[in-house]
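What follows is a short report on a single structure.
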There are 2 protein chains.
Amino acid sequence: MSHTLGIRQAQKQKTRQALLDAALGLLEEQSLSSLGLREVTRAVGVAPTAFYRHFRSTADLGVALVEEALGSLHPMIRTTVSGTGDQEERITRAIELIARHVDGYPAHVRFIARERHGGVQPVREAIRDQLSRFAGEVRDELAKDPVSEGWSEDDLLMLAHLYVDQMLITASLFLEALEGPEEAREEREREVARVATRQMRLIGLGRHHWLD
Amino acid sequence: MSHTLGIRQAQKQKTRQALLDAALGLLEEQSLSSLGLREVTRAVGVAPTAFYRHFRSTADLGVALVEEALGSLHPMIRTTVSGTGDQEERITRAIELIARHVDGYPAHVRFIARERHGGVQPVREAIRDQLSRFAGEVRDELAKDPVSEGWSEDDLLMLAHLYVDQMLITASLFLEALEGPEEAREEREREVARVATRQMRLIGLGRHHWLD
DNA sequence: AATTCCAGAGAACAGTTGTTAACTGCATGG
DNA sequence: CCATGCAGTTAACAACTGTTCTCTGGAATT
């Protein structure tokens, strides 16, 4: 199905990606609603009007960034929530994975945290949709777990949302730990991991006694 | 201690409040990092230069808004987390209180949710500090509860953070329910309350079995 | 009553913004 | 090989931004 693109299409995609990358960089110090189209094209080194060949507006670009930041994360979620090992092991693994993701893609994480409640409606909606998909997928995986026997679909989804929100909060805290003085960075990261682990453990406890 | 202000000071405070109110209104459809000083003064009906008599910048105004939105909330937090009644009753009461607060001060809630991870550093810090204070206060109240016997300070604070984050998430969901078509608003609000109640209940269960 | 203070007004500045129109040059498909 | 398509350029526009300096009227102080 995948057709090798011509020189033309390839160059276009390259410019498009450059615009996305430049925007993501600029968004580390501001919100999407203040990001100017000229600012982005200037950073890339193309004429302002070239922007319109790829996006209708910066809001449109924002929606594309949501797809880039969250779209490829769905398989990751599934394999993380399910997987083998006892509860404690799974928690450690999940948090380790979040930490690695934040380390690898800090700008993406920052963008999602920032624009989830940000000033640009279409972007908020795009993020909400993706997170809803995540919650649904987490629910599906939870349903497979023997611990979930006797749970209603409704209760599974409520727990899934709790997990998703908790993951986002943890990611945001890892991000905070990442910036700031290099000096005690590792220690700050360990502290975030320590607290997040215990919070997940407590939620897990609540889960095991839900049907009491 | 309170001295009745002269005509002069009174008028100044009035203008200052008008600037804060206008800004809060404008921030319903954008982020602080894109809020212009001229935009605010235009909405109030004063000259752009008048702005500088009250704030150094829009970031400075943002910090003042954080104080306005969260500063007066501390007593409310304390009496909510403690209070009498069994766990179930307390949860219902807390969520009811959040719903009423969002109904009464939607713009404040939106501002905090938006700028907590927003593009203006001093504002993010101001919010982080206030939420830290909340967490500390919640911990203090939790410590008084007989259920917390045998808990370490550290574990109490970890639980307090979980509660504070959960409250913010719930507030943000109530806000989402508030906007949109009037038609099914009440039903959306009930659904948010229903899910949030069960999430709090689950966390409460985890809390009771923490020392097993 | 005379003097000081200061919140707000007014005008001007250099720089920025989004959007339009008409263009150029090169990859593409017939 | 030639005609078409289209990514990116150039130039220009009206509107807007934050900040400066100077000024004014009336409250506050003496």
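Letters A, B, ... are given to chains in the order of the sequence lines, protein chains preceding strands, and every chain is numbered from 1. All heavy atoms count here, side chains included; hydrogens, waters and symmetry mates do not.
Annotation: side chain of Arg207(B) is in contact with side chain of Tyr163(B) (closest heavy-atom distance under 4.5 Å). The closest side-chain heavy-atom distance from Gln166(B) to Thr170(B) is below 4.5 Å.
Between Arg42(A) and Glu39(A) there is no salt bridge, since none of the side-chain N atoms of the basic residue sits less than 4.0 Å from a carboxylate O of the acidic one. Contact check on Arg185(B) versus Glu189(B) returns a salt bridge, with a Lys/Arg side-chain nitrogen under 4.0 Å from an Asp/Glu carboxylate oxygen. Looking at Arg124(A) and Glu115(A), no side-chain N of the basic residue comes within less than 4.0 Å of a carboxylate O on the acidic one, giving no salt bridge.
Between Leu61(B) atom CG and dG18(D) atom C1' the separation is 15 Å, expressed in whole Å. Per the geometry, CG belonging to Leu37(A) stands 14 Å off C1' belonging to dG8(D), to the nearest Å. The distance between atom CG of Leu35(B) and atom P of dG18(D), rounded to the nearest whole Å, is 8 Å. Going from atom NE2 of His54(B) over to atom P of dA7(C) covers 7 Å, rounded to whole Å. Distance CD (Glu39(B)) to P (dT17(D)): 7 Å, rounded to an integer number of Å. Atoms OH (Tyr52(B)) and P (dT17(D)) sit 12 Å apart, rounded to a whole Å. Atoms NZ (Lys14(B)) and C1' (dG8(C)) sit 15 Å apart, rounded to a whole Å. Between Arg56(B) atom CZ and dT20(D) atom P the separation is 12 Å, expressed in whole Å.
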message: Assess the residue pair Gln130(B) and Glu67(B) against the criterion (side-chain hydrogen bond (donor to acceptor under 3.5 Å, both in side chains)); give the C-alpha distance rounded to whole Å, side-chain angles, the decisive distance to 0.1 Å, and a yes or no.
response: CA-CA 8 Å; Gln130(B) 290 281 346; Glu67(B) 178 60 29; 3.3 Å; yes
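Without hydrogens or angle criteria, Arg188(A) side chain to Glu179(A) main chain gives a donor-acceptor distance under 3.5 Å.
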message: Treating primed atoms plus P, OP1 and OP2 as sugar-phosphate and everything else as base, which nucleotides of nucleotides 23-30 of chain C get B, S or - for protein heavy atoms under 4.0 Å?
response: --B-BS--
- request: Using a 4.0 Å cut-off on protein heavy atoms (strictly under), produce a 5'-to-3' string for nucleotides 10-16 of chain D with B for base contact, S for backbone-only sugar-phosphate contact, and - for none.
  value: B-B----
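Annotation: side chain to side chain contact (heavy atoms under 4.5 Å, CB included) contacts of Ala43(B) (sequence neighbours excluded): Ala22(B), Leu26(B).
Checked options Asp140(B), Asp145(B), Leu142(B); the residue passing with Leu156(B) is Leu142(B) (criterion: side-chain contact (heavy atoms from CB on, under 4.5 Å)).
Contact between the side-chain N/O atoms of Thr15(A) and the OP1/OP2 oxygens of dA7(D) is not found at any separation under 4.0 Å. A close approach under 4.0 Å does not occur between any side-chain nitrogen or oxygen of Ser57(B) and OP1 or OP2 of dG18(D).
Using a 4.0 Å heavy-atom distance criterion, Ala50(B) is classed as a sugar-phosphate-only contact.
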